Amino acid sequence: MSDASINTQAPEGEASFGDYFALLKPRVMSLVVFTAMVGLLAAPVPVHPMIAFCAILFIAVGGGASGALNMWWDADIDSIMSRTAKRPIPSGKVTGDEAFAIGMTLSVFAVVMLGLAANWLAAGLLAFTIFFYVVIYTMWLKRWTPQNIVIGGAAGAFPPVVGWAAATGGVSIESVLMFTLIFMWTPPHFWALCLFMKSDYKDAGVPMLHVTHGRRATRNHILVYTLLLAAIAIGMAFTGVGGPIYLAIALVLNALFVFGAVAIWRRSEEASEADNHKRERSFFALSLLYLFLHFGAILAEATLKPYGLGGW
């Protein structure tokens with residue numbers, strides 16, 4: 001169990017609003033909000049603007065609650081890794097007990113309010129998403145298997161399904177495909193980050209793929225997942241959430257993404273570290289743009305359909 005769970009010491013100095021907000025992982029929350037909003041707006045039923053606003057708000061709160069609980073449990077390893085050492089708990093701004101209380105309170109609040117504002121299927125899916133991220137991924141998979149990010153990536157893939165359910169009261173092939181797009185995108189995105197984070201995960205004792213199987217195996221996995229992802233992403237163009245706009249963007253983005261994965265796969269361990277890290281950082285940066293533009297294209301298709309301009 002994480003040391004954060006028994007941390008009762010007062011933080012060093014008074015915590016600011018920004019410190020508590022940082023517990024919610026705002027960067028991750030922004031992705032949750034955007035993909036959930038696309039899932040809701042791409043659904044083939046009209047949603048009252050107030051219901052839509054409340055649904056997205058409570059999904060965002062649920063995502064933030066997951067982040068707080070993740071930081072509570074992972075405070076011990078966060079203090080070791082350079083990328084996370086300045087987070088609120090390891091930096092001494094917020095205690096583990098405070099993070100746990102905030103995460104649990106916001107989780108219950110988000111699930112109940114989403115159920116009241118939209119429907120209980122969406123609320124149930126949100127509750128399962130929080131449970132999956134905190135318990136299945138953070139507490140179990142992350143420190144147990146190098147496939148942690150593959151299986152655990154499902155947690156980050158649920159928001160568009162929750163958004164779709166909030167609008168329709170159900171789950172469909174379109175929402176499952178949006179889930180699959182994020183699910184398949186997560187491993188190459190995160191493994192690219194791991195490749196240029198040097199020894200962070202090794203120092204923290206987290207069995208990421210590059211730690212347990214080496215960098216060569218990690219690059220092989222990135223290429224395989226990228227090729228599978230490209231097939232899924234382009235295939236989505238011919239579904240109910242796709243169309244010519246989406247297809248054009250998907251073709252360009254996936255060509256670039258595959259090219260980047262091949263460049264990483266072909267790199268040599270004898271090449272300079274700076275050159276290798278440049279390729280990995282470029283691929284990671286492209287991966288952020290990749291997901292945003294795919295879901296932006298889905299949103300564009302949904303927005304233009306009422307005018308006869310989106311879809312096939």
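Here the structure is a predicted model, which means the values were calculated and not measured. Position 1 is the first residue of the sequence, and the numbers go up from there.
The structure places CD1 of I264 at 9.5 Å from CG of L223, a figure rounded to the nearest 0.5 Å. Between D97 atom CG and I89 atom CD1 the span is 9.5 Å, to the nearest 0.5 Å.
Listed by first then second residue, pairs satisfying ring pair (Phe, Tyr, Trp, His ring centres under 6.0 Å) with a partner in residues 82-120 read F58-F109, W72-F100, not counting sequence neighbours. Every pair passing ring pair (Phe, Tyr, Trp, His ring centres under 6.0 Å) that includes a residue from residues 147-176 is listed here, sequence neighbours excluded: F128-F158, F158-F179.
Ring planes of H221 and Y225: parallel class, angle under 30° (limits at 30 and 60°). In this structure, F257 and F283 have parallel ring planes: the angle between them is below the 30° cut-off, well short of the 60° mark.
Within the 4.5 Å cutoff, side-chain heavy atoms of M104 are placed close to those of L69. Side chains of D19 and S16 form a contact here, defined as non-hydrogen atoms less than 4.5 Å apart. With contacts defined as side-chain heavy-atom distances shorter than 4.5 Å, the pair M236/V241 qualifies. Taking 4.5 Å as the limit, some side-chain heavy atom of L251 sits within range of a side-chain heavy atom of I234. Between P146 and V211, the closest side-chain pair of non-hydrogen atoms is not below 4.5 Å. Considering only heavy atoms from C-beta on, M178 stays 4.5 Å or farther from H294 through its side chain. Residues L299 and M37 have side chains in contact (heavy-atom distance under 4.5 Å, counting atoms from C-beta outward). Side-chain contact between Y290 and L256 is absent, with no heavy atoms from C-beta onward closer than 4.5 Å.
Of the possible donor and acceptor atoms, none in the side chain of S175 sits under 3.5 Å from a partner among the backbone N and O of V171. Remark: side-chain polar atoms of T138 are paired, donor with acceptor, to backbone N or O of Y133 under 3.5 angstrom. Of the possible polar contacts, none joining the T145 side chain to the L141 backbone as a donor-acceptor pair under 3.5 Å is found. In this structure, R279 contributes its side chain and A263 its backbone to a donor-acceptor pair below 3.5 Å.
S172 and E174 share a side-chain donor-acceptor pair at under 3.5 Å.
Residue F259 shares its hydrophobic cluster (ILVMFWY side chains chained together at separations under 4.5 Å) with no other residue.
Sparse packing is recorded around CH2 of W140, with 12 or fewer heavy atoms of other residues, nucleotides or ligands lying under 6.0 Å away.
With sequence neighbours excluded, the residues satisfying side chain to side chain donor-acceptor pair (under 3.5 Å) with S287 are H189. Scored by the side chain to side chain donor-acceptor pair (under 3.5 Å) test, N148 finds no partners at all (sequence neighbours excluded). Residues satisfying the side chain to side chain donor-acceptor pair (under 3.5 Å) test with K142, not counting sequence neighbours, are D74.
Nearest heavy atom pair, residue A155 against residue T129, reads O-CG2, 3.4 Å.
Residue F190 is tested with I149, L195, I222 for a side-chain contact (heavy atoms from CB on, under 4.5 Å); the sole match is I149.
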